[in-house]
Amino acid sequence: MLSATKPALSQAVATARKGMLLAPQTTWDVLGSAFQTCGRLIRSPKNRDHFLDVLNAESKVINAQVIGQADLGFWRILGLYNDLNNPLFRKHDFDAQAFVEG
């Protein structure tokens, strides 16, 4: 009879034990968010304009030059934009620009 020597932990539980509040995004999380952003940008000129405003060097909300150097950099930029447009942020009137400015 086989028995496990270690209990199987979910990613959230394993992350909590390491002292992290949230589990890091997997590659599939990043790509999923990026493809959702691509769909929104294709369908809506308003979203395209907002995306360009967020990427504007003066706004400093998303620093594309820095994030672009990371693994999956371009996709992370799109995924971050998608995550910043989460309905939960809108519900609580979160303004990323005001947050970055302090």
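Being a predicted model, the structure only gives us computed values, none of them experimental.
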### Task
Give, for atom CG of Leu72 and atom CD1 of Ile77, the distance between the pair rounded to the nearest 0.5 Å.
11.0 Å
### Query
For Leu80, which residues count as a side-chain contact (heavy atoms from CB on, under 4.5 Å) partner, sequence neighbours excluded?
Ile62, Ile67, Leu84
### Message
Applying side-chain hydrogen bond (donor to acceptor under 3.5 Å, both in side chains), can you list everything that pairs with Arg76, at least two apart in sequence or on another chain?
### Response
none
### Query
So which pairs with a foot in residues 39-50 pass side-chain hydrogen bond (donor to acceptor under 3.5 Å, both in side chains), sequence neighbours left out?
Arg40-Asn82, His50-Tyr81
### Message
Test of understanding: clusters of I, L, V, M, F, W, Y form through side-chain heavy atoms closer than 4.5 Å, transitively. Do Trp28 and Val30 belong to the same one?
### Response
yes
### Task
Mind checking ring-ring contact (aromatic ring centres under 6.0 Å, His included) for Phe35 and listing every partner two or more places apart, or none if nothing turns up?
Trp75
### Message
Applying side-chain hydrogen bond (donor to acceptor under 3.5 Å, both in side chains), can you list everything that pairs with Asp83, at least two apart in sequence or on another chain?
### Response
Gln25, Ser33
